[in-house]
Every structure is written in structure tokens, then in C-alpha cells.
Amino acid sequence: MNKFEIIKSITDIKKFSSLIFDILSDKKTPEEIEEFLLEEISGEGLRGIEALARKGYPLSLDRKQ
């Protein structure tokens, strides 16, 4: 699963907008954004994201839960 797939799974517009603004604010070109979004999430990172979803963070990870 890559970062784009995780970001797409955020179901709250306010949290989605804030996250996008924060993580992409230092990117200077569309290519830098694409490179960031294509990065794969490690197994440990994915487990952490799944734990956040179980605790109520607005993520829809149906394929992974």
C-alpha cells in the first residue's frame, strides 16, 4: 500500500485538507508530489495506521481490516 492509497482512505474532509496541506507544503513540483505519493508504507507503518483507524481516526481501510 502506498501513501496515496492511505491518503485517499481519509473520510473526514477537514482532516484530509489539513494533512494534504501539511505534507505537500514543501514539495516544489508535481514530480516531487508524485514521488512522495508513490512511496510504499512499511509493514510497521501500516500496522500503526490500522491502529489509528481502530481508535477512531477517520480512515476507511476496508481492504486491510
Side-chain angles (χ1 to χ4, degrees):
M1 182 170 264
N2 62 36
K3 290 179 179 179
F4 177 67
E5 293 168 319
I6 296 294
I7 292 168
K8 286 190 321 184
S9 71
I10 299 172
T11 59
D12 180 277
I13 276 189
K14 189 170 190 163
K15 290 192 183 290
F16 178 88
S17 299
S18 179
L19 180 67
I20 289 296
F21 181 80
D22 288 343
I23 63 175
L24 299 181
S25 64
D26 66 330
K27 306 301 182 239
K28 306 287 188 232
T29 66
E31 291 78 16
E32 287 181 0
I33 293 171
E34 180 182 8
E35 184 178 309
F36 172 82
L37 292 173
L38 287 171
E39 289 176 7
E40 291 292 319
I41 303 292
S42 69
E44 184 177 325
L46 187 55
R47 285 188 293 280
I49 289 167
E50 290 172 335
L52 284 174
R54 285 191 296 275
K55 290 180 180 179
Y57 194 85
L59 292 172
S60 177
L61 298 174
D62 297 331
R63 295 175 298 168
K64 291 292 183 179
Q65 291 184 349

Q | Interatomic distance, Ser17 atom OG to Asp12 atom CG [nearest 0.5 angstrom] | A | 8.5 Å
Q) Taking Ser18 for the side chain and Lys14 for the main chain, is one N or O donor matched with an acceptor at less than 3.5 Å? A) no
Q | Rounded distance (nearest 0.5 Å) linking atom NZ of Lys27 with atom CD of Glu34 | A | 13.0 Å
**Q.** Contacts of type side-chain contact (heavy atoms from CB on, under 4.5 Å), residue Leu37, not counting sequence neighbours
**A.** Phe4, Ile7, Ile33
Q) Roughly how far, to the nearest 0.5 Å, is CG of Leu19 from CD1 of Ile6? A) 11.0 Å
(Q) For a quick test of reading the model, state the closest non-hydrogen atom pair linking Phe36 to Leu24 and the distance between them. (A) CD2-CD2, 4.0 Å
Q) Is the number of heavy atoms from other residues, nucleotides or ligands under 6.0 Å of Glu35 CD greater than 12? A) no
Q) Hey, is NZ on Lys15 packed in by over 12 heavy atoms from elsewhere, all under 6.0 Å? A) no
(Q) Please give me the minimum heavy-atom distance between Leu59 and Thr11, naming the atom from each residue. (A) N-OG1, 4.1 Å
Q. Which distance, rounded to the nearest 0.5 Å, do you find between the CD1 of Ile49 and the CE of Met1?
A. 8.5 Å
Q. Counting only heavy atoms not in Ile13, do more than 12 sit closer than 6.0 Å to its CD1 atom?
A. no
